[in-house]
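Within every chain, numbering begins at 1; the chains are lettered A, B, ... in the order of the sequence lines, protein sequences first and strands thereafter.
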Protein chains: 2
Amino acid sequence: MRKTIFVFSALIIALLVLFRLSRYSYVSEDISIELTIGSIAVIFFLVGIYINKKTLHKEKSRPTQIDHKKIEQLGISKREYEVLILISKGLSNKEIADTLFVSESTIKTHVSNLLLKLDAQRRTQAIKKAKELQILEQ
Amino acid sequence: MRKTIFVFSALIIALLVLFRLSRYSYVSEDISIELTIGSIAVIFFLVGIYINKKTLHKEKSRPTQIDHKKIEQLGISKREYEVLILISKGLSNKEIADTLFVSESTIKTHVSNLLLKLDAQRRTQAIKKAKELQILEQ
DNA sequence: TCCGGACTCATACTAAAGTACCAATTTTGT
DNA sequence: ACAAAATTGGTACTTTAGTATGAGTCCGGA
């Protein structure tokens, strides 16, 4: 968003400068006018493409904006959320325990709580629901 | 984001209008050149955005194309693939068995074969790998 | 017609996953 | 500082998941 503002500001400034230049030049030279017009056309065309690509790219790479509010609403704690992420990566309870440097018992507790909060019967179902609720990346 | 673009476009147009008005107020000169330049800039800018949107639209409408060739390459059969889809929906072996009207033993066999073919140790890992391989919708 | 692959199912396991309950720390907000 | 919430961990248990192995059925291609 801030980038877009800067780019457009720069465009407006460039316009002003061009107006200034054209005022001094078009009386003396004739070719420079067409040159200026052509250049401006090309530049603005490219800028249009560039801006559009930027904005569309952000929409494409953000179809999965994580809904932190929903995580809070469900009462999922920080640690539980970490476990949820690792579950979705296909890790076993033991592997998650080793990753987070805690015991497997602890992970089992977290997973049980997660299943309750996500209203799921299995970790695979928890993964699916979490993605539907947009609290996990697709 | 799109709003910003429109707002700034409007600003540029307003600038052009202002230039025109200011010209009539004190200089009273021919301003057709500046107007032309400005119009061309805006038009080409919009054309750039339009063209880019057209070309990018194709990519956006195909975010998760299932790679049937990869399914074949991995030697995953029709029935195994059905099971894989139901696994990714969070169903248990028993639920999958009831859905496909076969016994749980059959599903276990399919799952075991799937894990081998996907080089996974757990069904959760199979889900993740299958999505990475684009043989399952995200 | 014969063969191989796909699909089915069973038994007998072992290994994970998940539940229930309890309890000790640690963190955190007021 | 104190209560509440979060994190950790344990035992004991039930339920799923997954492996290994064998075997019967069905179907399409050589």
Side-chain angles (χ1 to χ4, degrees), chain A residues 66-133 135-136, chain B residues 66-133 135-136:
Chain A
I66 279 144
D67 193 342
H68 295 282
K69 277 164 285 181
K70 199 152 283 167
I71 296 174
E72 214 176 336
Q73 279 172 20
L74 294 170
I76 295 174
S77 70
K78 277 191 299 293
R79 205 56 160 169
E80 285 166 353
Y81 186 61
E82 288 185 89
V83 172
L84 179 59
I85 290 171
L86 295 176
I87 285 177
S88 78
K89 293 191 175 179
L91 301 201
S92 68
N93 288 339
K94 187 75 194 67
E95 287 169 341
I96 295 173
D98 292 343
T99 303
L100 299 180
F101 302 106
V102 293
S103 78
E104 196 183 342
S105 298
T106 306
I107 301 304
K108 284 190 175 187
T109 305
H110 288 322
V111 172
S112 258
N113 292 331
L114 272 172
L115 295 183
L116 278 177
K117 291 170 183 177
L118 285 169
D119 189 30
Q121 278 71 55
R122 283 162 292 284
R123 48 170 59 206
T124 49
Q125 202 179 349
I127 294 172
K128 202 210 166 201
K129 286 206 175 189
K131 289 185 177 181
E132 283 173 354
L133 292 168
I135 64 180
L136 271 184
Chain B
I66 279 144
D67 193 341
H68 295 282
K69 276 164 286 181
K70 200 154 281 168
I71 296 174
E72 213 175 338
Q73 280 172 18
L74 294 170
I76 295 174
S77 70
K78 278 189 300 292
R79 203 56 159 168
E80 285 166 353
Y81 186 61
E82 288 184 88
V83 172
L84 179 59
I85 290 172
L86 294 176
I87 285 177
S88 77
K89 292 191 175 180
L91 302 199
S92 68
N93 288 339
K94 187 76 192 68
E95 288 169 339
I96 296 173
D98 292 343
T99 303
L100 299 180
F101 302 106
V102 293
S103 78
E104 196 183 340
S105 298
T106 306
I107 302 303
K108 284 190 175 185
T109 305
H110 288 323
V111 172
S112 257
N113 291 333
L114 271 171
L115 294 183
L116 278 176
K117 291 170 182 178
L118 285 169
D119 190 30
Q121 278 71 54
R122 282 164 292 286
R123 48 170 59 207
T124 50
Q125 203 178 352
I127 294 171
K128 202 209 166 201
K129 287 205 175 188
K131 289 186 175 180
E132 283 174 353
L133 292 169
I135 63 180
L136 272 184

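Side-chain nitrogen and oxygen atoms of R122(B) include none within less than 4.0 Å of the OP1 or OP2 phosphate oxygen of dG18(D). Within the structure, every side-chain polar atom (N or O) of S77(B) is placed at least 4.0 Å from both OP1 and OP2 of dG5(C). Contact annotation: N93(B) reaches the phosphate of dA17(D) (side-chain N/O to OP1 or OP2, under 4.0 Å). An OP1 or OP2 oxygen of dC7(C) is reached within less than 4.0 angstrom by no side-chain nitrogen or oxygen of H110(B).
Note: CD1 (I96(B)) to C1' (dT8(C)) measures 16 Å, nearest angstrom. Rounded to whole Å, atom C1' of dC7(C) lies 10 Å from atom NZ of K78(B). Rounded to whole Å, the distance from CG on L115(B) to C1' on dA16(C) is 13 Å. Rounded to whole angstrom, the span from the CG atom of N113(B) across to the P atom of dG5(C) amounts to 13 Å. dA16(C) atom C1' lies 8 Å from atom CD of E104(A), rounded to whole Å. Distance Q121(B) CD to dT14(C) C1': 16 Å, rounded to the nearest Å.
Donor-acceptor pairing under 3.5 Å is recorded for the side chains of T106(A) and S103(A).
Atoms OG and CD1, on S92(B) and I107(B) in that order, are 10.0 Å from each other to the nearest 0.5 Å. Annotation: the span from Q121(A) atom CD to L116(A) atom CG amounts to 9.5 Å, rounded to 0.5 Å.
Two residues are said to be in side-chain contact when any heavy atoms from C-beta on lie closer than 4.5 Å; L86(B) and E82(B) fail this criterion. Residues E72(B) and H68(B) fail the side-chain proximity criterion, which asks for heavy atoms closer than 4.5 Å.
Using a 4.0 Å heavy-atom criterion, one finds that S112(B) contacts the bases of the nucleic acid, with or without backbone contacts as well. Using a 4.0 Å heavy-atom cutoff across all strands shown, T106(A) reaches at least one base atom of the nucleic acid.
If you check dT11(C), dA17(C), dA6(C) against the side chain of S105(B), the one that comes closest is dT11(C). Proximity note for V102(A) (side chain, C-beta onward) versus dC7(C), dG9(D), dA17(C): the nearest is dG9(D). Which of dT7(D), dT19(C), dG10(D) sits closest to the side chain of R79(A) comes down to dT7(D). Considering only side-chain atoms of T109(A), the nucleotide from dT19(D), dG18(C), dT8(D) that sits closest is dT8(D).
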